[in-house]
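See structure below.
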Amino acid sequence: MVVLRILRYNPAKDERPTFRNYEIGPTAGMTILDALIHIKENMDPSLTFRRSCRSAICGSCALTANGKNLLACNTQLSALKKKRIVLEPLPGFQILRDLAVDWEPFFDKYRAIKPYLITKSAPPAKERIQSPDIRKRYDDAAKCIMCSACTSSCPVMWTDDSYLGPAALTKVWRFVADDRDEATEERLSMVSNEKGVWRCHTIFRCSESCPKDIDTAGCLEFLRKKVVWYSLRGRV
Ligand code: FES
């Protein structure tokens, strides 16, 4: 048997968060998300959590298990190697209810960095061609599913709401590294300040917590180098 110790909190009713234990007999290959669904369907329908794809694509099931940020849908209970698993909402965000947090501030920052290709030149007759080598430059950053595990694990984010955070900055790198994008100077100017790349303390928790194994700290390092290169030439 495994005990799932889950943080429960309904801000409309409860004075403070509390933990509730649920004992289950895990089946082979059972993921944390399977266990949560089992509890909701058979033991406690009031348990609140997010999920959608169940395939590690949408990012909505991110939570903290035994102190580590991860995706509930691609983490098997057996992988945690514990008989008692503590599940909490992602740190650094306001709790809406139980394991569901308010992601609006996170997506506000995402929208602020203009997460789309910006072109200024006239469109070509067919398509904007890109070489495989250039595509490789941002392969890692392009894998981001916006689950916020990195941003939520960043101690700088916990103390400074204005910091863009690793997920948004990794997305900036994704477009700066893309030679079809024609807003490099605008993007670098946007992040060359205390809310952007200079606020990162290279603590590396972002890279450690990414469920897609993106080296977010490395992406920020590339971005900082670009900012310095353009700054030295008076272009940002
Ligand atoms: S449910 Fe979509 S990533 Fe887990």
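Positions are given from 1 along the sequence. These numbers come from the heavy atoms of this one structure, side chains and all, not from hydrogens, waters or symmetry mates. Order of appearance sets the numbers: ligands from 1, and atoms from 1 within every ligand.
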message: Any donor-acceptor pair under 3.5 Å linking the side-chain atoms of Ser153 with those of Glu208?
response: no

message: Under 3.5 Å, is there a donor on one side chain and an acceptor on the other for Asp133 and Ser131?
response: no

field: Non-hydrogen atoms of Ser192 and Val227 that approach each other most closely
entry: OG-CG1, 3.4 Å

statement: Residue set satisfying side-chain contact (heavy atoms from CB on, under 4.5 Å) with Leu33, at least two apart, ordered chain then number -> Thr31, Ile37, Phe49, Arg51, Arg54, Ala72, Cys73

- prompt: Mind checking what makes side-chain hydrogen bond (donor to acceptor under 3.5 Å, both in side chains) contact with Asn42, not counting sequence neighbours?
  reply: His38

field: Sum of protein N, O or S atoms, each under 2.8 Å from atom 4 (Fe) of ligand 1
entry: 2

message: If the condition is ring-ring contact (aromatic ring centres under 6.0 Å, His included), which residues does Phe222 pass it with, not counting sequence neighbours?
response: Trp173

